[in-house]
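Remember, it's a predicted structure, so these values are computed and weren't measured experimentally. The first residue of the sequence shown is numbered 1, and numbering continues consecutively from there. Order of appearance sets the numbers: ligands from 1, and atoms from 1 within every ligand.
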Amino acid sequence: MTDGELESYGADVFSERAIRRHLPKAVATKLIATMRDSRPLDPTIADAVAEGMKNWAIENGATHFTHWFQPMTGGTAEKHDAFLEPVGPAKAVQRFSGRNLIGGEADASSFPSGGLRSTFEARGYTAWDPTSPAFIKRHENGATLCIPTAFCSFTGDTLDMKTPLLRSIQAVSRATERLMGKFGKPAAHVEITLGAEQEYFLVDRRFYLKRPDLLQAGRTVFGAAPAKHQQLDDHYFGSIRPRVLKFMTEVEQRLWRLGIPAKTRHNEVAPAQFELAPMFESLNLAVDHNMMIMEVLRQTAEKNDLVCLLHEKPFEGVNGSGKHCNWSIAYGGRNLLTPGDDPRENAIFLTVLLSVIRAIDKHADVLRMTTAGAGNDHRLGANEAPPAIISIFLGDELNAVLDAIEQGRRGTGRSGKKCKLRIGVDTLPALPKDTTDRNRTSPFAFTGNKFEFRAPGSSQNCARSQTALNTIVAESMDAICDKLEAMKGDFNENLQKLLQRLVKAHRRVVFSGDGYSSDWPKEAAGRGLPNLRDTPAALEPLRDPANVALFSKYGVLSETEMASRWEIGMEDYRRRIRIEAGISLEIARSMVRPVVADEFSRLAAALGRAKADGLRTGIKGLKALCLKLGACLDDLHVKCDTLEGALARGGHEEQIAAENDLRKTVDRLEGLVDDARWPLPKYREMLFVY
Ligand code: ADP
Ligand code: MG
């Protein structure tokens with residue numbers, strides 16, 4: 001133990017320290033090597049590993065174990081088995097074998113498979129991923145040992161998010177090693193890193209329970225904008241309220257025990273919106289950790305009589321929530337996206353940078369596809385969110401470097417002297433060191449030593465975007481290697497020519513302007529950049545033969561796996577739209593309409609009485625209000641019927657249109673009806689009272 005070590009950090013993880021303490025020395029050494037180098041586990045040590053893991057888990061209060069995996073629902077899944085094994089009448093022991101650890105069989109018939117598995121062959125298999133350590137999940141009465149696993153069908157097709165992610169890490173690692181070889185770098189460990197910033201909303205549980213739309217769809221389908229929401233920008237980075245701080249502290253304590261490096265916490269732009277950012281980690285682990293972060297946020301909120309909303313757009317008219325995925329590549333421990341000090345390192349930096357730029361330009365549709373989903377449709381393109389057009393922001397300094405490469409002209413060096421930029425020979429002109437300009441409107445921004453992909457939604461598994469990013473970058477690096485191999489002559493000159501060509505060909509994807517301006521979609525169309533506006537359009541790239549070939553080539557997803565993902569994505573989309581439309585109709589008819597009808601009747605009756613009594617004042621006001629309420633009541637009736645018809649016909653576009661139209665009337669009514677009788681908590685309550 002060193003000075004100041006945070007003792008509870010990682011206490012609930014079967015860490016290297018726990019492994020050394022609970023396994024025989026030789027077994028521990030082998031297991032740790034497997035974990036560090038992502039090598040397959042030696043099956044002869046499985047029983048010994050299982051025994052040690054069980055003892056550690058029991059010491060920590062565990063009674064059960066589970067294979068923890070990430071099915072294509074977007075969440076996580078677990079089925080618990082007790083260590084318990086009866087060995088005679090009223091006698092039992094606690095057992096956990098190597099077989100229990102390495103693989104499991106689960107009835108998978110209710111997990112989405114997109115046609116990959118027929119129900120008669122409903123078996124699914126889980127396989128231990130030793131690169132992500134086992135951990136313990138605590139609850140009030142004990143704990144469960146969780147073993148991170150991959151999940152596939154009987155035929156070996158993947159049914160989860162982790163398997164393609166692991167395959168893509170392998171693909172981009174190989175490509176990186178190949179590219180580094182061109183620069184004469186010896187083979188070294190490639191590490192893809194991810195830091196995932198998680199945005200979320202908190203609402204008081206009392207309000208939540210009175211909002212059937214939040215309960216069922218995670219989003220408010222009705223709610224008029226309050227007079228004050230985020231106009232004053234007084235929430236962003238504001239002082240954190242004590243109740244929220246208590247919640248955040250509990251979240252962090254649990255995360256730290258799980259070895260999750262939660263680092264930053266702050267208020268976000270919208271009222272009642274917050275962010276949690278961990279330190280970046282190795283990609284596969286960071287993805288698992290983000291899934292755990294979402295779970296801990298939800299559970300801890302509940303304990304504090306709050307509800308954590310991870311939906312991308314819980315409240316119309318204020319910012320939605322995203323998950324900023326910060327991605328980079330390290331080679332032999334050195335970040336390849338950090339500009340170096342010597343010419344060779346800068347040549348590497350520029351080549352990797354251009355590999356990414358080329359990848360995003362060629363495969364913008366693939367990246368956009370990974371952010372598709374009913375929830376994110378409300379967010380992409382809206383206020384403060386990245387637009388559905390994928391473009392790259394580089395900042396002024398890097399743009400100037402691209403200019404110099406493109407034109408092969410003289411630039412101004414760091415020393416201030418005019419010089420001709422020659423890749424691999426000169427040091428580069430002033431490069432961003434840390435202080436990149438911030439452009440919050442860009443979906444894909446270079447931020448000094450990493451790329452930040454901001455389009456993913458707050459509820460989405462990072463594995464989706466990261467799998468695609470790895471694959472397209474692998475393809476780009478390979479293409480660059482192929483080109484370099486085909487060129488004769490001096491390496492530096494060839495590289496110079498190649499980079500110049502790449503800048504010319506792919507610069508259109510680089511955009512420094514305001515991504516939220518109404519001119520950008522027009523300009524983007526002129527540049528030939530795709531703008532896939534909603535989920536059905538964004539999922540289409542899964543069926544593009546060129547993309548199928550790309551993912552097959554890298555062994556990340558087969559043709560059938562791609563087809564199944566399209567199927568699952570569309571099905572999920574249609575169901576969510578339907579659930580939202582259904583809950584809208586129910587609320588409008590059974591909660592809003594009775595109140596409006598009642599108020600209208602009361603007023604109409606009062607109007608009749610007033611007239612009969614010959615009253616001179618108040619009649620005008622009563623009549624005007626009656627007319628307004630009556631018109632809305634008629635509208636409500638008609639629009640509910642329209643939505644009902646749309647639901648019966650089943651087309652999602654028609655349902656969305658009818659739901660939006662109904663919302664206009666309900667939101668108008670919210671401002672007309674007696675506040676004391678309005679049946680739903682309002683935005684000004686939910687967003688400000690907590
Ligand atoms: P912001 O984008 O809000 O300015 P930071 O610059 O602090 O935030 O970083 C955001 C996230 O990026 C953090 O999770 C951080 O750990 C992560 N990050 C930093 N360096 C890397 C890297 N090399 N690879 C991946 N993520 C990184
Ligand atoms: Mg950020």
Side-chain angles (χ1 to χ4, degrees), residues 9 165 168-169 172-173 176 188-200 233 235-238 240 248 251-252 255-256 258-270 273-294 297 319 321-340 345 348-349 352-353 355-356 384-386 392-395 398 431-456 458 462-463 465-470 473 515:
Y9 190 79
L165 178 74
S168 75
I169 291 172
V172 73
S173 298
T176 304
H189 181 66
V190 181
E191 187 175 36
I192 313 299
T193 49
L194 169 70
E197 303 165 54
Q198 179 71 51
E199 292 177 336
Y200 60 93
D233 280 330
H235 191 252
Y236 190 57
F237 283 12
I240 304 170
M248 287 176 165
V251 166
E252 285 157 352
L255 293 179
W256 291 347
L258 287 163
I260 300 174
K263 176 92 175 149
T264 308
R265 60 189 189 196
H266 63 81
N267 287 358
E268 256 302 328
V269 172
Q273 192 188 28
F274 308 92
E275 180 181 298
L276 182 156
M279 280 278 297
F280 71 95
E281 295 179 283
S282 198
L283 176 51
N284 177 38
L285 188 62
V287 170
D288 284 358
H289 281 173
N290 178 256
M291 299 307 286
M292 287 149 75
I293 286 172
M294 289 196 284
L297 283 172
N319 279 10
S321 300
K323 174 138 51 200
H324 297 177
C325 293
N326 295 271
W327 172 97
S328 191
I329 307 179
Y331 193 70
R334 190 183 173 281
N335 184 350
L336 295 179
L337 286 173
T338 306
E345 287 195 334
I348 290 175
F349 164 74
V352 173
L353 187 81
S355 305
V356 179
E384 180 69 12
I392 303 180
F393 175 80
L394 291 177
L398 266 187
L431 277 180
K433 267 303 172 197
D434 211 28
T435 53
T436 40
D437 341 348
R438 295 275 151 161
N439 179 331
R440 293 174 58 89
T441 69
S442 176
F444 199 85
F446 182 73
T447 55
N449 59 357
K450 61 192 185 286
F451 278 102
E452 178 175 359
F453 188 32
R454 302 185 180 124
S458 46
C462 315
S465 61
Q466 301 301 297
T467 299
L469 186 54
N470 291 340
V473 170

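The Asn335 neighbourhood of ligand 1 comprises atoms 23 (N), with distances under 4.0 Å to a heavy atom of that residue. Within ligand 1, the atoms closer than 4.0 Å to a non-hydrogen atom of Pro278 are 13 (C), 14 (O), 16 (O), numbered from 1 in the order shown. Residue-ligand proximity, Met279 to ligand 1, at heavy-atom distances under 4.0 Å covers atoms 16 (O).
Between the side chains of Gln466 and Ser168, no donor N or O sits under 3.5 Å from an acceptor N or O.
Using cut-offs of 30° and 60° on the angle between ring planes, the pair Phe451 and Trp327 is tilted.
Any N or O atom pair closer than 3.5 Å counts here, and Thr193 shares at least one such pair with ligand 1. Considering both main-chain and side-chain atoms, Phe280 comes within under 3.5 Å of ligand 1 through a nitrogen or oxygen pair.
Checked against ring-ring contact (aromatic ring centres under 6.0 Å, His included), Phe274 has the following partners two or more places apart in sequence or in another chain: Tyr200, His235. When the side chain to side chain contact (heavy atoms under 4.5 Å, CB included) test is applied to Thr193, the partners found at least two apart in sequence or on another chain are Glu191, Phe280, Ser328.
Side-chain atoms of Glu197 and Asn326, non-hydrogen and from C-beta on, do get closer than 4.5 Å to each other. Side-chain contact between Leu276 and Arg265 is absent, with no heavy-atom pair separated by less than 4.5 Å.
Neither the backbone nor the side chain of His324 comes within contact range of ligand 1; no heavy atom lies under 4.0 Å. Contact annotation: for Lys263 versus ligand 1, there are no heavy atoms closer than 4.0 Å.
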